[in-house]
Visitor: 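One structure, pasted below without further comment.
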Amino acid sequence: MIVGIDLGTTNSLIAIWENGAPRLIPNSLGEVLTPSCVSVDEDGSILVGRAARERLQTHPQHSAANFKRMMGSDKTVYLGKRAFRPEELSALVLRSLKEDAEAALNQPVTEAVITVPAYFSDAQRKATRAAGQLAGLKVERLLNEPTAAALAYGIHLRDGESKFLVFDLGGGTFDVSVLDLFENVMEVRASAGDNYLGGEDFVSTLVDRFFETAKVPEALRSDARFMQGLSAQVEQAKRALSDSPRTVIQARDGENEYRMELDEAAFEKHCALLLARLRSPVERALRDARLPLAELDNIVLAGGATRMPIVRRMAARMFGRFPSCEINPDEVVALGAAVQAGLKMRDAALDEVVMTDVAPYSLGVSTTVRIAGDQFSHGHFDPIIERNTVIPVSRVKRYYPIQDNQKVVELQVFQGEARMASDNIKLGELEVRLPSGVEDRGVDVRFTYDVNGLLQVEATVIATREVFSLVIEGNPGLLSEQEIAQRFSALSELKIHPRDRIENRTLVARAERLYQHLRGMPREQLGREITRFETALETQDQRIIAPAAKAFREVVDYFDHQSFLLPES
Ligand code: ADP
Ligand code: MG
């Protein structure tokens with residue numbers, strides 16, 4: 001069984017291909033969205049998902065989120081005393097999803113299709129693959145998220161030709177892809193995006209606006225408790241505006257109450273700069289696809305943040321029509337990954353859909369340009385594979401040393417679009433030794449980019465046919481196979497919170513978060529309720545725990561609705 005996984009910045013989902021259709025698998029809380037958060041509990045066990053997200057606030061030193069943004073780097077995140085790399089944290093999320101699927105399917109799950117933003121670099125893709133391995137999953141394929149979304153829709157649009165654009169605004173990333181579906185061949189014509197634009201930015205913009213409008217003292221910005229409460233209120237308000245025209249944001253600090261009314265028009269105005277940033281990746285993708293807007297048959301929305309009417313309106317204005325959103329935008333990528341998993345398993349229903357993808361960046365080498373005579377200009381970027389070339393692709397270019405007596409050529413490999421190599425991202429370098437006394441001093445440099453977005457560089461000396469291959473050295477962002485194996489066993493030893501207790505554990509985590517927001521009597525009351533419920537849990541007797549959990553949930557729900565507004569006495 002191959003599963004499809006959307007490993008998101010904010011939320012992750014797992015889906016399978018079953019009876020000719022993709023199906024999402026809920027986690028132990030019965031939810032299909034698992035927050036991409038990890039926390040280490042008091043007893044040292046690992047919590048993933050909602051409980052971990054609650055603990056981000058109560059136990060920030062023991063909890064982590066947003067680690068997808070660090071993928072491909074060598075950043076270290078400490079949860080308590082233990083250090084984790086971003087791929088290890090991602091692996092814990094993957095492992096939790098894998099266990100959810102195993103529990104639902106009653107069979108081991110060992111293979112997966114995992115989605116990545118189209119904009120992910122070589123290092124980020126390799127880190128994602130490593131995360132899969134660390135979770136005990138063989139990564140059958142890395143699939144671009146917009147391609148997955150298109151695939152989920154492609155099934156429904158299978159007859160006839162269709163050109164469409166996927167507009168994916170998640171919690172922290174924005175991806176645009178232009179796709180073409182023709183006679184069962186789906187091709188990504190172009191993709192572009194912004195790795196640092198998402199729904200969270202709308203929250204931080206509103207938080208700033210709240211400080212200004214409600215005249216909140218700037219000093220409160222360093223009050224973690226206040227800021228957490230406010231962010232939660234703002235997130236709620238942002239979502240409320242997706243369903244109703246106006247809402248109110250309120251916050252309280254001791255005696256002082258702060259308040260801001262917000263309607264859609266004001267929300268749109270405050271976020272005008274963010275909305276404007278949606279435009280340029282769309283324009284770039286269309287330009288690269290050489291497709292006029294009018295030729296698009298459809299615009300597909302993906303990502304939870306496209307639920308915001310202001311985003312939909314912006315999209316509608318840009319495209320001159322309303323985008324499609326028949327499939328739930330935060331589920332569409334995972335569903336598409338399951339479609340791809342189905343393809344992999346050669347399910348008859350999907351046999352015919354073929355898919356091609358594109359390279360998100362130009363890839364090339366640094367060269368020296370002769371200006372005149374023996375005047376040279378160094379460090380020019382010479383692309384070998386150009387951005388948005390359909391992959392898999394293999395391209396070769398011939399280079400010659402500048403000096404007649406030159407013994408080595410230093411091939412420096414870069415990705416990016418800038419004219420000068422140093423303005424692009426360096427991927428690695430390769431030393432090619434040249435033989436002396438041969439007539440043809442040329443070197444063929446071959447770049448091969450596979451469907452997973454992994455790059456291989458090979459240099460062949462023409463005269464001797466000697467081949468040099470690129471080993472990306474000194475890249476702190478990547479783990480070697482050996483390191484992966486070591487970390488795999490270290491991770492396997494970590495204690496995972498028992499699945500059947502996650503629901504109650506999540507409830508306690510949520511109550512603890514609320515407890516921090518309250519003061520005075522309500523705080524005391526809630527504290528007593530938490531202790532009472534913990535006592536019930538200690539009995540390990542379901543006949544006692546079940547009714548206690550039900551009662552406790554009601555109490556927690558009550559406080560959750562009131563927490564930020566409650567007077568303190
Ligand atoms: P990612 O792909 O980054 O993991 P998702 O596609 O799950 O993210 O989208 C998460 C984002 O969607 C968050 O910023 C969240 O606030 C936003 N979001 C989810 N539901 C709504 C809603 N109803 N209204 C507005 N924003 C929403
Ligand atoms: Mg997403």
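Indexing begins at 1, ligand by ligand and atom by atom, following the structure's order. Quick note: numbers below take in every heavy atom, side chains included, and nothing from hydrogens, waters or symmetry partners.
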Visitor: Show me the donor-acceptor pairs, under 3.5 Å and distance only, between side chains in residues 193-201 and residues at least two apart or in other chains.
Guide:
from, atom 1, to, atom 2, distance (Å)
D194, OD1, Y196, N, 2.9
D194, OD2, R277, NH2, 3.2
D201, OD2, G198, N, 2.7

Visitor: Name the residues with a heavy atom less than 4.0 Å from ligand 1?
Guide: G8, T9, T10, N11, G170, G171, G172, G199, E200, E235, K238, R239, S242, G303, G304, A305, R307, M308, D330
Visitor: Could you go through the salt bridge (charged side-chain N to carboxylate O under 4.0 Å, His left out) check for D560 and R513 one step at a time?
Guide: CA-CA 10 Å; D560 208 356; R513 188 229 330 141; 3.7 Å; yes
Visitor: Is a side-chain N or O of S45 found less than 3.5 angstrom from the main chain of D41, in a donor-acceptor match?
Guide: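 The answer is no, because no donor-acceptor pair under 3.5 Å joins these two groups.
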Visitor: If we ignore hydrogens and angles and just use 3.5 Å, is the side chain of E102 paired with the main-chain N or O of V109 as donor and acceptor?
Guide: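 It does hold such a pair.
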Visitor: With a 3.5 Å distance limit and no angle check, can you tell me whether S63 reaches the backbone of R55 through a side-chain donor-acceptor pair?
Guide: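 Checked: pair present.
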Visitor: Between S96 and L92, is there a donor-acceptor pair closer than 3.5 Å when you use the side chain of the first and the backbone of the second?
Guide: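 No.
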